[in-house]
Structure formats: C-alpha cells, structure tokens
Q: 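Have a look at the structure that comes next, please.
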Amino acid sequence: MAKLLFIWYKRSKGILEGGGQCSLRNYKMFCELLGEKQVDSYYIHDEYRKKSLCSYAQGIALFPFNYFYGLTPQRLKEIVLLAQNYDYIFIDRSVFGIIAKILKEVNYQGKVFTHFHNVETIYFDAVLPKHLPGRHILLNAVDKNDAYACRYSNEIIVLNQRDELILREKYPFVGHTTRIPIALPDRGTSIQQTTELTRKKPTCLFLGSYFAPNNQGILWFVEHVLPYVDIHMKIVGRGMSKLKDESPALRDIEVVSDAPDLLPHLQDADIVVLPIFSGSGMKVKTCESLMHGKNIIGTPEAFEGYDIDYSLVGGNCKTAQDFIECIKNFTQNPRPRFNEYARKTYLQKYSLDAIKQSFKTIL
C-alpha cells in the first residue's frame with residue numbers, strides 16, 4: 001500500500017492558528033484516504049524542542065541560501081534519505097520549495113506535492129516591517145522557494161483561483177495545479193442552534209491572532225466604524241492583548257487573548273466582523289464562522305475564494321459606510337443568531353467531506 005511522508009512546518013501546542021488548521025486538514029485527509037499507518041510526519045520546526053541561541057543564529061545565516069523556518073542542510077539530507085521509503089512526499093508550505101528541488105536532483109521517483117497556503121511572496125511582503133534589516137534577503141528566499149515549488153513539484157495545490165493566476169503569472173513554468181479550498185473538521189455540531197434573534201445591541205466578534213493584516217483591520221474598524229454603531233465589540237485571538245497594550249483605541253474594548261476554547265465566544269456572538277484588507281490565500285476564520293452558523297460581515301478579502309451569497313450570510317463591505325449600514329440593518333431588522341445558510345454552506349462546500357474527492361484525484 002502507498003505511503004506518504006507529510007512535511008510539516010511545525011509541531012504546535014495549544015490552539016492552532018489559521019495556517020496550522022489548514023495543515024491539519026491536509027494531514028487528516030491523507031490519513032483518511034491512505035490509512036493512518038501509511039502517513040508519517042516530519043517536523044521542520046518543533047515547538048517542544050529546546051531552542052538555543054546557536055540554532056537561531058544558524059537559521060538567520062541560512063536565509064540567503066533559501067533555507068527557511070528552521071530547515072537546515074542536515075534536515076534536508078534526512079528528508080532525502082527518508083523519501084526513498086515513500087511513494088508520496090507532501091510539502092505543506094511552499095517556503096520549503098527547496099525540498100522539492102533537491103528531491104528531483106537526486107532523482108526521487110515518487111510524487112511530490114506542494115501546498116500553497118498563500119502566494120508567500122505576497123504574504124511576507126504584507127507582514128514583514130518595511131524597514132526590517134535584511135528584508136530583501138527574506139523576500140528573495142521566499143520567492144526562490146515558491147519558484148522551486150512550482151518548477152519541481154509534480155502537483156501544486158492552491159486554495160483559490162486568484163492564487164493560481166498569480167502563480168502562473170509569476171512562474172510561467174508552473175506545472176499541474178489543483179484548487180482545493182479551505183475546509184475544516186466539523187466542530188460545529190455542539191453549537192446551540194438557537195432560534196433567538198440578533199440583539200438590539202449586537203455582540204460583534206472579531207476573530208484573529210496578533211498579526212499585521214488582522215491588527216490593521218481591527219484598528220481601522222475601531223476608528224472608522226465603531227463610533228457610528230451601537231454594538232458590544234469583542235476581540236478574540238492569540239496574542240491580541242499585546243495589541244490592546246499598544247493601542248489606546250482598544251482601551252475600552254473586551255479583548256480575550258489566548259482563549260482555550262473559541263466555542264463560547266462564537267456562541268455568544270450575534271455577528272462575526274472580518275475587516276481584512278490584505279493577504280493571500282483564504283481566511284480560515286471565515287470558514288470557522290460558517291461552520292458555527294454565524295452571521296458574517298466582512299470585506300472582499302475576508303470572503304476571497306468563498307462561493308457564498310453575501311446577502312444571506314451577512315454582508316460584503318468595501319467601505320466604512322458599508323459596514324455601518326450593514327450593522328445598522330441588523331439592529332433595525334434582527335435576524336436569527338444562528339445562520340442556517342452559513343452552516344449549510346460550510347457542510348456543502350467547506351467541510352472535509354466536501355473536499356474529499358479533490359484529494360482523491362491527486363493521488
């Protein structure tokens with residue numbers, strides 16, 4: 001029976017962030033299709049492994065040679081040796097595209113997949129501080145790895161059409177690509193499917209960790225939308241207490257950092273607001289909100305890659321005035337707090353069952 005080596009970015013502890021949830025989705029699908037005993041893991045970066053100053057220095061020194069996120073020549077040699085025992089190698093992030101390159105150079109005979117969580121050059125350009133020393137070296141390493149992934153992988157997996165078109169424009173030599181959208185294991189079965197209507201003063205929940213596009217989006221919302229609507233604002237996300245400490249505008253806003261469980265916060269929310277203006281790939285928090293049957297008001301970027309009716313799920317807002325009008329519409333015309341359309345859309349399009357066939361076709 002065929003065996004697959006799944007190359008992860010990191011072994012994480014605690015609640016997984018968006019990219020980690022998508023990685024887990026990929027892993028679970030291969031375990032289901034091939035059998036758990038046929039899928040082995042290799043972690044580039046292990047949060048349980050003790051770090052040293054030397055290891056950090058080594059990582060920085062290797063960036064110019066296109067070794068990213070803790071990948072080293074020694075680990076690459078380990079992967080090459082391991083690969084001979086597997087029919088498939090799944091590289092879960094394109095910043096490790098150098099792995100695909102070296103595998104082909106040593107004449108690996110199996111099939112190499114690379115998953116693009118984003119177009120990483122766009123992602124890193126958005127999140128790296130503009131005046132960061134060595135910024136151009138990091139971006140060049142990202143670009144090289146994306147190019148290696150496109151040139152040397154047998155199969156490229158992207159989340160949406162936008163990313164595929166950008167990759168084909170940037171790297172005309174890219175080979176076969178398959179679009180498989182964000183999908184998550186169903187954790188919405190236990191949520192209370194209440195018949196209650198949204199409250200006159202709705203609780204609006206922002207989901208997102210401390211991360212530049214999230215920070216920019218929620219600070220914009222607090223400045224340009226919040227003063228003009230009567231809502232209870234709540235921010236839940238890993239490390240977001242740091243943003244509250246940095247931003248006086250958030251002083252009077254409820255911020256829950258490192259929540260052990262998102263479910264109570266999702267259950268309590270009338271509306272999930274997603275003012276996201278930059279990024280790549282698809283937003284996992286949108287899928288999470290659909291899964292739990294939430295009303296969602298977001299920007300086009302928050303809905304990028306999703307096939308949904310915005311009027312039924314909540315609202316697609318391009319400007320502050322759009323957000324204001326949409327929220328006021330909820331306060332003046334209450335809707336069910338449990339959005340059956342959102343939940344149905346998740347089950348039909350963004351659950352593991354919905355994408356299983358797409359994974360079958362690439363094996």
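The first residue in the sequence is number 1, and the count goes up from there.
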Q: Assign the ring pair W8 / Y43 to parallel, tilted or perpendicular, where the plane angle (0 to 90°) is split at 30° and 60°.
A: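 Aromatic pair W8/Y43 classed parallel.
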Q: Please name the pair of heavy atoms, one in L132 and one in L138, separated by the smallest distance, quoted to 0.1 Å.
A: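 So the minimum-distance heavy-atom pair works out to CD2-CD1, 3.8 Å.
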Q: Knowing that exactly one of R25, R187, K294 qualifies, which makes a salt bridge (charged side-chain N to carboxylate O under 4.0 Å, His left out) with E288?
A: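 It is R187, the one option of R25, R187, K294 that forms the salt bridge (charged side-chain N to carboxylate O under 4.0 Å, His left out) with E288.
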Q: Could you tell me how the ring of W220 sits relative to the ring of F277: parallel (under 30°), tilted (30 to 60°) or perpendicular (over 60°)?
A: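 Judged by the thresholds at 30° and 60°, the geometry between W220 and F277 is perpendicular.
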Q: For the residue pair R337 and D268, what are the closest heavy atoms and their distance?
A: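 Answer, listing the atom of R337 first, then D268: NH2-O, 2.8 Å.
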Q: For T121 and V142, which heavy atoms make the closest approach, and how far apart are they?
A: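 Looking at all heavy atoms of both residues, the closest pair is N-CG1, 3.6 Å.
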Q: Could you give the distance from OG1 (T114) to CD1 (I7), rounded to the nearest 0.5 Å?
A: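 Nearest 0.5 Å value for the OG1-CD1 distance: 8.5 Å.
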Q: Can you see which heavy atom on A183 is nearest to which on I355, and at what distance?
A: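 Shortest heavy-atom contact: CB-CD1, 3.6 Å.
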Q: Establish, for the pair R335 and F330, whether the NZ or CZ atom is under 6.0 angstrom from the six-membered ring centre and no further than 45 degrees off its axis.
A: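 Relative to the ring axis of F330, which defines the angle, R335 lies inside both limits.
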Q: Does the ring centre of F6 sit less than 6.0 Å away from the ring centre of Y88?
A: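 Ring-ring flag for Y88/F6: false, centres at least 6.0 Å apart.
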Q: Using 0.5 Å steps for rounding, measure from the CG atom of N107 to the CD atom of Q84.
A: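 The distance works out to 9.0 Å.
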Q: With a 4.5 Å heavy-atom cut-off, do D309 and Y341 have their side chains touching?
A: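 In contact.
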Q: Give, for atom CZ of R199 and atom CD1 of I271, the distance between the pair rounded to the nearest 0.5 Å.
A: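 Separation between the atoms: 10.0 Å.
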Q: Checking D322 side chain against T319 main chain: does a donor-acceptor pair fall under 3.5 Å?
A: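 Judged by distance alone, yes, a pair lies under 3.5 Å.
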Q: Could you check whether any side-chain heavy atom of D270 comes within less than 4.5 Å of a side-chain heavy atom of N295, counting everything from C-beta outward?
A: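 No, their side chains stay 4.5 Å or more apart.
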Q: How long is the span from the CG atom in D261 to the CD atom in Q267, to the nearest 0.5 Å?
A: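 Separation between the atoms: 8.5 Å.
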Q: Heavy atoms, side chains only, cut-off 4.5 Å: are S247 and L219 in contact?
A: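 With C-beta onward as the side chain, the pair touches.
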Q: Do L71 and I99 touch side chain to side chain, with heavy atoms closer than 4.5 Å?
A: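 Answer yes - side chains close enough.
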Q: Go through the steps to decide whether D186 and R343 satisfy the test salt bridge (Lys or Arg N to Asp or Glu O under 4.0 Å), and finish with yes or no.
A: CA-CA 10 Å; D186 190 2; R343 174 69 179 164; 2.8 Å; yes
Q: With a 4.5 Å limit on heavy-atom distance, are the side chains of N214 and F206 in contact?
A: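 When only atoms from C-beta onward are counted, F206 and N214 do touch, with a gap below 4.5 Å.
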Q: Could you state the interatomic distance from CG (L5) to CG (D87), rounded to the nearest 0.5 Å?
A: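 Rounded to the nearest 0.5 Å, the CG-CG separation comes to 11.5 Å.
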Q: Do the charged groups of K3 and D40 touch, with an N to O distance under 4.0 Å?
A: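 Salt bridge: yes.
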Q: Does any donor atom in the side chain of K328 or N333 lie under 3.5 Å from an acceptor atom in the other side chain?
A: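 Side chains of K328 and N333: no pair found under 3.5 Å.
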Q: Heavy atoms, side chains only, cut-off 4.5 Å: are T286 and M282 in contact?
A: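 T286 does not reach M282 side chain to side chain.
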Q: Got H117 and D92 here, is their nearest side-chain heavy-atom distance under 4.5 Å?
A: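 Of all side-chain heavy-atom pairs linking D92 with H117, at least one is under 4.5 Å.
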Q: Is the terminal nitrogen or CZ of K101 (NZ for Lys, CZ for Arg) located under 6.0 angstrom from the six-membered ring centre of Y148 and within 45° of that ring's axis?
A: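 So K101 does make the cation-pi contact.
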Q: With a 4.5 Å limit on heavy-atom distance, are the side chains of F116 and N118 in contact?
A: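 Side chain of F116 against side chain of N118, heavy atoms only: no contact under 4.5 Å found.
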Q: Nearest 0.5 angstrom please: L207 CG to I296 CD1, how far?
A: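 It is 10.0 Å, given to the nearest 0.5 Å.
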Q: Taking the six-membered ring for Trp, are the ring centroids of Y306 and Y346 within less than 6.0 Å of each other?
A: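 No, too far apart.
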Q: Which of these, L352, L34, T178, L33, sits in a side chain to side chain contact (heavy atoms under 4.5 Å, CB included) with F359?
A: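 Considering L352, L34, T178, L33, a side chain to side chain contact (heavy atoms under 4.5 Å, CB included) with F359 is found only for L33.
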